[in-house]
A.B. asks: 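I have a structure here, written as structure tokens, and I will follow up with some questions on it.
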Amino acid sequence: MAGPKTFYLTTPIYYVNDVPHIGHAYTTLACDVLARFKRLDGFDVKFLTGTDEHGQKVEKSAEKAGIAPQAFTDRVSQNFRDLVSLMNYSNDDFIRTTEPRHVASVQALWKVLEERGEIYLGAYAGWYSVRDEAFYGEDELTTTPTGKKIAPTGAECEWVEEPSYFFRLSAWQDRLIAFYEANPDFIAPASKRNEVMAFVKSGLKDLSVSRTTFKWGIPVPGNDAHIMYVWLDALANYITAVGYPNTAEGSEFAQRWPADLHMVGKDILRFHAVYWPAFLMAADLAPPKRVFAHGWWTIEGQKMSKSLGNVIAPETLVNTYGLDQTRYFLLREVPFGNDGDFSHKQMVARVNGNLANDYGNLVQRVLSMIGKNCGGVVPTPGPFTEADNALLGAAHGLLDVVRAEIDAQAFHKALDALWAVIGDGNRYVDEQAPWTLKKTDPARMATVLYVLAETIRHLAILTQSVMPDASAKILDQLALGPDARGFGTLGPAGALVAGTPLPTPQGVFPRFVEPTAE
RNA sequence: GGCAGCGUAGCUCAGUGGUAGAGCAGGGGAAUCAUAAUCCCUUGGUCGGGGGUUCAAAUCCCUCCGCUGCUACCA
């Protein structure tokens with residue numbers, strides 16, 4: 001029998017030398033929400049994140065710390081595993097590029113590329129700055145009167161040639177363009193797609209894929225003097241994690257590859273949208289289905305930078321505003337794909353306005369009335385009026401709308417749609433005035449509160465992926481068990497059963513109160 | 001420099017040919033179930049400047065001003 005539909009999505013592997021900040025948290029958060037949503041929607045999901053642990057910088061940092069590179073990465077990669085528990089990520093795997101499974105995978109990929117004639121040994125030549133550890137293009141340099149070449153950074157450059165393996169990227173230009181044109185949704189957002197296509201159309205040069213200047217990396221099979229260029233190493237993590245090089249029928253690779261989505265920051269889009277599909281096609285493997293490049297966060301209107309000292313640790317946000325509040329803010333505040341600004345003022349506005357007042361208070365006022373006026377059980381509804389059916393219809397219609405937005409990674413629009421129904425719910429409470437019905441028509445009050453409870457059930461089930469903890473608390477208060485929280489229970493089929501005892505309601509989204517100055 | 005995009009209410013943005021919109025902020029009112037949380041009404045814009053096409057332009061064209069991204073090998 002055919003299993004459930006699969007969904008494989010990945011974050012970039014984070015460079016282990018970095019300290020996790022809001023940007024890392026954001027990328028993985030977006031994936032986490034997608035992964036949770038897809039699981040609730042019945043998919044067999046694999047959600048991968050991990051750390052990129054090779055390269056010259058790691059080698060040097062380890063040296064500076066006075067320990068072996070492996071011991072160094074063992075230590076610092078913990079920062080990113082800590083981020084997982086802090087942010088409540090639900091990844092199914094955490095890959096490290098120093099793991100044996102990955103070394104084997106990358107070397108296998110290399111051999112395939114070499115056998116197919118996609119990699120050749122040549123020489124990499126260019127103007128190199130020892131101080132900057134970087135090559136510069138001729139047009140970037142200025143020439144002094146004495147004929148010295150000076151980099152934009154002011155460092156002196158020398159002409160360097162070193163043997164290097166090259167990937168025949170230039171041969172893939174036309175096939176990449178054809179691929180983009182045949183798959184218009186491969187790169188998102190659309191503006192980024194245009195940039196990538198312009199880049200490819202401007203002409204591709206063969207890509208240097210090995211180095212001889214450092215040792216901390218995966219050796220080229222059959223030529224230990226060469227270490228694989230980090231991007232070939234890093235990108236291949238996505239196939240390692242599904243078992244490459246085992247691509248046999250029935251293998252995990254056969255089941256899950258190509259990946260449904262690679263989520264990346266906009267700075268590394270090119271590697272994922274140009275080099276990676278070229279590597280894969282060259283190895284006769286399918287390119288991923290989609291690469292989404294999201295934007296950057298500024299802090300109170302300023303770029304994040306170490307020198308400004310305004311880098312925000314995710315832990316600070318979680319401790320200050322709450323975990324689900326932070327998750328909500330990051331996805332609601334900015335159209336996904338755009339750059340965004342984090343400000344305390346906006347965060348408080350979201351926490352208090354959207355969460356405490358709109359959503360939290362709707363839940364609280366309804367559950368509280370049920371608790372006090374319906375004997376603490378799910379009330380028994382009578383016949384539905386037009387207004388009842390309008391609200392229920394809006395709730396029942398949410399899944400299709402939200403699913404479409406989530407599938408397009410339009411998290412902000414998905415949340416907009418949910419909040420529209422929250423607004424409908426609050427309006428309905430005021431119009432129906434159950435506190436008045438309590439005296440005039442208790443049976444009608446029961447119907448109104450039932451309709452509201454049903455609406456809240458839909459909202460809480462659909463907010464689970466963004467706010468897992470808070471949504472679980474609401475579902476607990478509706479006495480819905482683990483089996484009653486998937487999207488399959490949405491709609492009338494999974495409706496609340498009258499008479500079910502409910503626990504005493506408790507607030508889920510506290511207001512943010514400014515700490516009083518000492 | 002080249003290519004692409006943006007500039008709409010105090011703020012964040014939606015609106016791509018047919019009488020200017022949303023949320024938040026501001027003002028007024030109602031209600032009292034609820035975390036003083038909600039609901040209703042409302043102030044506010046010559047849609048960056050100028051020119052053009054059209055019966056009709058925020059929307060199409062030209063031009064100017066301002067801002068942003070991309071223009072390959074640190075990851």
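In what follows, chains are A, B, ... by sequence order, proteins preceding strands, each numbered from 1.
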A.B. asks: Does A:Arg365 place a side-chain N or O at less than 4.0 Å from the phosphate oxygens OP1/OP2 of B:U38?
C.D. replies: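 So the side chain of A:Arg365 is outside the cut-off, no N or O lying under 4.0 Å from OP1 or OP2 of B:U38.
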A.B. asks: For nucleotides B:A37 and B:U42, find the distance between their C1' atoms and express it as a whole number of Å.
C.D. replies: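 After rounding to an integer number of Å, I get 22 Å for this pair.
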A.B. asks: Now, which nucleotide makes the Watson-Crick or G-U wobble pair with B:A22, with each of the two distances under 3.5 Å?
C.D. replies: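 Pairing partner: B:U12.
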A.B. asks: Please give the distance between the C1' atoms of B:C41 and B:G48 as a whole number of Å.
C.D. replies: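 So the two C1' atoms sit 33 Å from each other.
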A.B. asks: What interatomic distance, in whole Å, is found between C1' of B:A30 and the corresponding atom of B:G66?
C.D. replies: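 Between the two C1' atoms, the distance is 46 Å.
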A.B. asks: Go ahead and name the base partner of B:A4; Watson-Crick or wobble counts if both distances stay under 3.5 Å, otherwise write none.
C.D. replies: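 Check on B:A4: paired to B:U68, both distances under 3.5 Å.
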A.B. asks: Quick check against the 3.5 Å criterion: does A:Arg193 have a side-chain atom that pairs as donor or acceptor with the backbone of A:Tyr180?
C.D. replies: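 Judged by distance alone, yes, a pair lies under 3.5 Å.
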A.B. asks: Just compare B:C73, B:A37, B:A34 and give me whichever is closest to any side-chain atom of A:Asn357.
C.D. replies: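 Of B:C73, B:A37, B:A34, B:A37 is nearest to the side chain of A:Asn357.
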A.B. asks: Below 4.0 angstrom from OP1 or OP2 of B:A34, is there any side-chain N or O of A:Lys372?
C.D. replies: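 For B:A34, OP1 or OP2 has a side-chain N or O of A:Lys372 closer than 4.0 Å.
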A.B. asks: Which nucleotide in the set B:A75, B:U38, B:U35 lies at the smallest distance from any side-chain heavy atom of A:Asn426?
C.D. replies: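 Within the option list, the nearest is B:U38.
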A.B. asks: Nearest-nucleotide wise, let me know which of A:Gly203 and A:Gly423 is further upstream toward the 5' end of RNA chain B.
C.D. replies: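 Taking each residue's closest nucleotide, the earlier one in sequence belongs to A:Gly423.
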A.B. asks: The side chain of A:Asp358 lies closest to which of these nucleotides: B:U38, B:C33, B:C73?
C.D. replies: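 The answer is B:U38.
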A.B. asks: Which of the following nucleotides, B:C40, B:A37, B:C73, is nearest to the side chain of A:Arg427?
C.D. replies: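 It is B:C40.
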A.B. asks: So, is A:Asn373 near the phosphate of B:C33, with a side-chain N or O under 4.0 Å from OP1 or OP2?
C.D. replies: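 False: A:Asn373 side-chain N/O out of range (4.0 Å or more) of B:C33 OP1/OP2.
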A.B. asks: Determine the interatomic distance between C1' on B:G27 and the same-named atom on B:G44; round to the nearest Å.
C.D. replies: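 Per the computed distance, 11 Å lies between those C1' atoms.
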A.B. asks: Ignoring the backbone of A:Leu204, work out which of B:U38, B:C33, B:A72 is nearest its side chain.
C.D. replies: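 So the nucleotide nearest the side chain must be B:A72.
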A.B. asks: What distance, rounded to whole Å, do you find between the two C1' atoms, one in B:C40 and one in B:A4?
C.D. replies: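 About 46 Å, rounded to a whole number of Å.
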A.B. asks: A:Asn354 or A:Val196: which one's nearest nucleotide on RNA chain B is closer to the 5' end?
C.D. replies: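 Final value for this comparison: A:Asn354.
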A.B. asks: If B:U53 has a Watson-Crick or G-U wobble mate with both distances under 3.5 Å, name it; if not, just say none.
C.D. replies: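 By the stated definition (distances under 3.5 Å), nothing pairs with B:U53.
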A.B. asks: Does the side chain of A:Phe411 reach to within under 4.5 Å of the side chain of A:Val466, using non-hydrogen atoms?
C.D. replies: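 They are not in side-chain contact.
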A.B. asks: Look at the side chain of A:Arg511 and decide which nucleotide, out of B:A75, B:A37, B:U32, has an atom nearest to it.
C.D. replies: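 Nucleotide nearest to A:Arg511's side chain: B:A37.
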A.B. asks: Distance check, P atoms only: B:G51 and B:A14, in whole angstrom units.
C.D. replies: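 After rounding to an integer number of Å, I get 28 Å for this pair.
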A.B. asks: Of all the nucleotides listed (B:A72, B:C33, B:U38), which has the minimum atom distance to the side chain of A:Asp430?
C.D. replies: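 Taking heavy atoms from C-beta onward, the closest nucleotide is B:U38.
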A.B. asks: In whole Å, measure the gap between the P atoms of B:G5 and B:G15 for me.
C.D. replies: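 After rounding to an integer number of Å, I get 15 Å for this pair.
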